[in-house]
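Working notes, beginning with the structure itself.
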Amino acid sequence: MYFAVALDGNHESLLLAVGLGTLECKESWKWFMMKLKECLGDDTEVGFIRNLCGKIDFAVERVYPDSYHGYCPKDIARKIRDSVGHNDTEVEMLFSKSFNTYSVHDIYLCLESLQSACRNPPFYTFLRSPLFCLDNIAISKWARTFFPKVCYNVKSIDIPEMVKNISTSTHELPITTTVELIIKSIQSAYDERDEIAVTPYVENKVQKRVNKSYNWVARCMYGDTFEVDDNFDTIKVQLERRVCICGKWKKTGIPCGHAIASLRSRTSEAIHQMVDIS
């Protein structure tokens with residue numbers, strides 16, 4: 001079975017499509033991608049985040065040659081962990097910090113720290129081993145900083161739990177019946193989430209950023225442009241353009257703490273109006 005899974009506005013896995021095939025190979029994945037494109041339409045902009053599998057590479061490059069195509073950084077982190085041989089290493093932690101950054105400046109600082117850690121004990125013997133997989137993967141393929149659209153997150157997207165439950169409880173039924181039940185579950189999930197302006201995930205994110213930025217000082221420079229002192233640095237925000245140089249607002253579609261500090265003189269509704277829910 002082939003699955004296409006998205007991350008919805010509530011930061012939850014949402015199954016988009018299911019395909020059945022007799023063999024997992026490049027041509028089968030290409031067939032699945034072609035069917036997916038037929039369903040989504042030629043004008044739908046999509047991006048793909050997946051694990052390190054050459055078969056899917058082949059299919060995406062041929063069916064969606066102009067779309068963003070990246071790799072799940074948590075899958076890369078797992079490979080680093082396996083190379084090092086034990087969990088919770090400093091190398092894995094520094095790599096995780098790298099792919100979670102929001103600006104080009106920050107990611108290169110994190111990568112410098114990562115390289116420095118690998119030159120020192122106990123990791124110097126693994127200098128090629130844990131980071132070897134990064135040598136042949138462009139940073140733009142796994143770093144959130146370089147993702148071209150908003151709402152990209154590095155959460156590892158697996159097959160939704162409802163698919164596992166249905167497959168387990170209906171293993172004696174014909175496969176077509178199982179797929180029909182999966183489709184009904186997908187439609188039900190869409191119905192439940194329909195017409196939600198701001199999801200609970202976004203509400204939670206906004207509230208955390210409101211709390212974090214409570215003591216930050218925002219100064220209006222001119223018009224809609226502010227400078228915000230966040231106790232560590234002075235950050236520039238342009239409200240109408242929805243731009244903050246920290247990068248969070250642009251990449252997540254949710255106002256960052258600097259933007260919220262600038263909006264503090266307005267009502268709480270104004271903050272939610274700045275969320276990109278498209």
Side-chain angles (χ1 to χ4, degrees), residues 1-21 23-80 95-96 98-102 104 107 133-164 179 182-183 185-186 189-190 193 199 201 247-248 250-254 276-278:
M1 297 182 76
Y2 307 90
F3 297 91
V5 185
L7 196 64
D8 69 7
N10 203 37
H11 200 250
E12 294 177 352
S13 299
L14 182 63
L15 185 62
L16 294 180
V18 182
L20 299 177
L23 180 66
E24 185 184 2
C25 62
K26 291 181 179 180
E27 291 301 329
S28 293
W29 273 109
K30 181 181 176 182
W31 166 83
F32 177 69
M33 288 293 178
M34 291 174 66
K35 293 298 181 182
L36 179 65
K37 192 171 187 177
E38 287 180 17
C39 294
L40 297 178
D42 290 336
D43 297 329
T44 302
E45 273 194 271
V46 294
F48 295 90
I49 306 297
R50 60 162 192 79
N51 58 11
L52 299 169
C53 174
K55 298 170 186 175
I56 306 178
D57 267 346
F58 173 86
V60 172
E61 289 170 0
R62 282 155 181 77
V63 181
Y64 282 99
D66 299 323
S67 295
Y68 177 83
H69 180 198
Y71 305 113
C72 175
K74 289 196 174 182
D75 190 48
I76 300 174
R78 280 193 292 268
K79 291 180 72 68
I80 292 175
F95 175 70
S96 297
S98 298
F99 69 69
N100 275 315
T101 58
Y102 289 92
V104 175
I107 192 172
C133 58
L134 295 182
D135 292 343
N136 299 316
I137 303 175
I139 298 175
S140 60
K141 291 289 190 179
W142 54 265
R144 171 161 45 192
T145 302
F146 296 99
F147 191 74
K149 298 294 181 180
V150 300
C151 298
Y152 171 52
N153 202 288
V154 295
K155 177 181 178 181
S156 182
I157 303 177
D158 297 316
I159 299 172
E161 195 65 32
M162 65 179 179
V163 177
K164 297 180 182 178
V179 172
I182 292 173
I183 292 172
S185 295
I186 297 172
Y190 269 116
R193 302 173 193 184
T199 66
Y201 170 77
K248 283 188 178 181
K250 179 180 179 181
K251 290 300 176 184
T252 66
I254 304 171
D276 184 350
I277 59 174
S278 59

Can you tell me how far the NZ atom of K141 sits from the CZ atom of R50, to the nearest 0.5 Å?
-> 8.5 Å

Atom of C25, atom of Y2 and distance for their closest heavy-atom approach = N-OH, 4.3 Å

What distance do E45 atom CD and Y68 atom OH have between them, rounded to the nearest 0.5 Å?
-> 14.0 Å

Does R144 count as lying over the ring of Y102, i.e. NZ or CZ under 6.0 Å from the six-ring centre, within 45 degrees of the axis?
-> yes

Closest heavy-atom contact between A143 and I107?
-> CB-CD1, 3.1 Å

Do you know which two heavy atoms are closest between F32 and G19, and how far apart they sit?
-> CE1-N, 3.6 Å

Any donor-acceptor pair under 3.5 Å from K37 side chain to V63 backbone = yes

Please name all residues satisfying side chain to side chain contact (heavy atoms under 4.5 Å, CB included) with V104, sequence neighbours left out, ordered by chain then number.
-> Y108, T145, F146

Distance, nearest 0.5 Å, that separates CD of E38 from CG of L40 | 10.5 Å

Between NZ of K251 and CG of N100, what distance do you get to the nearest 0.5 Å?
-> 13.5 Å

Nearest 0.5 Å please: distance from the OH atom of Y71 over to the OG atom of S140.
-> 9.5 Å

By side chain to side chain contact (heavy atoms under 4.5 Å, CB included) - contacts of K55 (at least two apart) = E24, K26, W29, C53

When rounded to the nearest 0.5 angstrom, what distance separates CE in M33 from CD1 in I56?
-> 6.0 Å

